Colleague: 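Below are the structure tokens for one structure; questions will follow.
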Protein chains: 2
Amino acid sequence: MDETQWLSADERAAWLRLVAVVELLPGVLDGQLRRTSGLTHFEYLVMAMLSEAPERVMRMTALAQCTNATLPRLSHVVRRLEERGLVERRPCPDDGRATDAHLTADGWETVVAAAPGHVETVRRHVLDPLTPTQVQRLHEIGDALLRELDPGGRLAVLYDPDPRA
Amino acid sequence: MDETQWLSADERAAWLRLVAVVELLPGVLDGQLRRTSGLTHFEYLVMAMLSEAPERVMRMTALAQCTNATLPRLSHVVRRLEERGLVERRPCPDDGRATDAHLTADGWETVVAAAPGHVETVRRHVLDPLTPTQVQRLHEIGDALLRELDPGGRLAVLYDPDPRA
DNA sequence: GGGTGATGGTTGAAACTACAACCATTCAGG
DNA sequence: CCTGAATGGTTGTAGTTTCAACCATCACCC
């Protein structure tokens, strides 16, 4: 009757720690960015992706994929960012249906100003507690997990500087 | 002027993969539970914690801490679970201010029914892609991170079966 | 050319979360 | 006792995310 293959003690321990990290980390990042820059972690992610794109422009769909957001969610967030003057929306010249999101000068400066504090937070809470060997292992483990979690490579731009075709 | 200590290539790679995992994993877990059990991942977490507590009872505050929720959030979620008959709230006999959350028989059956599919998802997306060695390393890395992310040990009940005083 | 289906994106309503104000009870001191 | 402060929870409101419905444009094909 009960065909489920339950977890071994080792698996369970590793899994529960990962759950706890996944549960806690977003709050830490979000809180720091909110306090020091008035940005959500997701808003920061959107603007950071734009800031690294050629011309600081991206199509809404591409931006949604590489930030792991649904299109409606991105649309709302970009509208709010536009109202704050950090992003601009323009119809895409190549495709009448599409919309291009531009990072404005103000937006660029906001990202640049937010980055150091964000990096500092990441260093203190994630990198510093780990030995260099553990950092290397985390890299490998992340690769293995992402092959399953992100088979289409939608977030590849985030973690892979040069995704193959 | 720019005192920020930026990330090395290795650190950056490991970090970005962790971000991607943290971004993707909740959606995978949440989606599976929603489809097969009509439960949010957070609702499942709440009921799972109750199901493992003595008498399947917990004080609201304790439940909020071990699920990493604010008290208002937990209060709302428990009210909705109560409306569905999965949880019951009773005034705590020991402290007139406090409220005890009980898992009902229906709630217990719901958790038991949801668990196999959840475990199966965890196995497929997290444990199976890793070698036994990597599982062991993930365990160690998780420990190191949680010492920083959860210094008070609020989530310790989640990942540590026997937290020391 | 004119359907037809698929793609790109926006909008509005409902569900959920965070924040702040609030009530009730407990505890400590006088 | 009685007051004031702290603890335990709930409620209301505002902001965010999700979901479904919708409009416009493109691509294919007859």
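Letters A, B, ... mirror the listed sequences (proteins, then strands); counts begin at 1. These figures come from a predicted structure and were not determined experimentally.
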Colleague: Check the phosphate of dG9(D) against Thr99(B), side-chain N and O only, distance under 4.0 Å to OP1 or OP2. Yes or no?
Modeller: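 For dG9(D), OP1/OP2 do not have a side-chain N/O of Thr99(B) under 4.0 Å.
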
Colleague: Does the dT17(C) base have a donor-acceptor partner in the side chain of Arg73(B) within less than 3.5 Å?
Modeller: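 In this structure, the two groups form no donor-acceptor pair.
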
Colleague: For Gln65(B) and Thr61(B), which I'm curious about, is there any donor-acceptor pair between the side chains at under 3.5 Å?
Modeller: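 No donor-acceptor contact under 3.5 Å links the two side chains.
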
Colleague: Given atom CD of Glu82(B) and atom C1' of dG9(D), what is their separation to the nearest angstrom?
Modeller: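 After rounding, the gap between these two atoms is 13 Å.
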
Colleague: Same cluster or not: Leu50(B) versus Leu71(B), using hydrophobic residues (I, L, V, M, F, W, Y) connected whenever any side-chain heavy atoms lie under 4.5 Å apart?
Modeller: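 Yes: a chain of side-chain contacts under 4.5 Å links Leu50(B) to Leu71(B).
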
Colleague: Taking CE from Met60(A) and P from dG8(C), how many angstroms apart are they, rounded to a whole number?
Modeller: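 Those two atoms, CE and P, are 13 Å apart.
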
Colleague: Measure the distance from CG on Asn68(A) to P on dT17(D) and round it to the nearest whole Å.
Modeller: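 Rounded to the whole Å, the gap is 13 Å.
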
Colleague: Without decimals, in angstroms, what is the distance between Leu45(A) CG and dT17(D) P?
Modeller: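 Leu45(A) atom CG is separated from dT17(D) atom P by 12 Å.
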
Colleague: Between dG8(D) atom P and Leu74(B) atom CG, what is the distance in whole Å?
Modeller: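 After rounding, the reported distance stands at 14 Å.
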
Colleague: Where the side chain of Arg89(A) is defined as all heavy atoms beyond and including C-beta, which of dG8(D), dA18(C), dT10(C) is the nearest nucleotide?
Modeller: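 Output: dT10(C).
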
Colleague: Using whole Å, report how far CG of Leu71(B) lies from C1' of dT17(C).
Modeller: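 Distance, rounded to whole Å: 14 Å.
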
Colleague: Side chain of Pro72(A), heavy atoms from C-beta onward: which of dA24(C), dT25(D), dA20(D) has the nearest atom to it?
Modeller: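 Selected nucleotide (nearest to the side chain): dA20(D).
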
Colleague: Heavy atoms only: give me the nearest Glu140(B)-Arg137(A) pair and the separation to one decimal.
Modeller: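 So the two residues come closest at OE1-NH1, 4.2 Å.
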
Colleague: From the set dT25(C), dA24(D), dT10(C), return the single nucleotide nearest to any side-chain atom of Asp95(B).
Modeller: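 Of all the options, the side chain of Asp95(B) is nearest to dT25(C).
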
Colleague: Quick one: is Arg59(A) getting a side-chain N or O under 4.0 Å of the dT7(C) phosphate, OP1 or OP2?
Modeller: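 Negative; the distance criterion is not met.
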
Colleague: Search all heavy atoms of Asn68(A) against all heavy atoms of Leu155(A) and return the closest pair with its distance.
Modeller: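 Heavy-atom minimum between the residues: N-CD2, 3.6 Å.
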
Colleague: With Arg73(A) as the cation and Phe42(A) as the aromatic partner, state whether NZ or CZ is under 6.0 Å from the six-membered ring centre and within 45° of the axis.
Modeller: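 Ring-cation test returns yes.
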
Colleague: Take Asp100(A) and Asp94(B), find for each the nucleotide of DNA chain C with the closest heavy atom, and name the residue whose nucleotide sits nearer the 5' end.
Modeller: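 The 5'-side residue here is Asp100(A).
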
Colleague: Output the rounded distance in Å from CG (Leu39(A)) to P (dG15(D)).
Modeller: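 Distance check: Leu39(A) CG to dG15(D) P gives 17 Å.
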
Colleague: Establish, with yes or no, whether the OP1 or OP2 oxygen of dT16(D) is under 4.0 angstrom from a side-chain nitrogen or oxygen of Arg80(A).
Modeller: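 So the side-chain polar atoms of Arg80(A) do come within 4.0 Å of the phosphate oxygens OP1 or OP2 of dT16(D), strictly under.
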
Colleague: If you pin Glu43(A) and Arg34(B) to their nearest nucleotides in DNA chain D, which one's is more 5'?
Modeller: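 Its nearest nucleotide being more 5', the pick is Glu43(A).
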
Colleague: Mind calculating the distance between CG (Leu81(A)) and C1' (dG15(D)) to the nearest angstrom?
Modeller: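 So the two atoms are 14 Å apart, to the nearest Å.
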
Colleague: Between dT26(C), dA18(C), dT10(C), which nucleotide has the shortest distance from any of its atoms to the side chain of Thr70(B)?
Modeller: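 The answer is dA18(C).
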
Colleague: Which sits closer to the 5' end of DNA chain D, Phe42(A) or Arg97(B), going by the nucleotide each is nearest to?
Modeller: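 With Phe42(A) and Arg97(B) compared, the 5'-side residue is Arg97(B).
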
Colleague: His76(A) has a side chain; which of dA13(C), dG8(C), dG12(D) sits nearest to it?
Modeller: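 The nucleotide sitting nearest to the side chain is dA13(C).
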
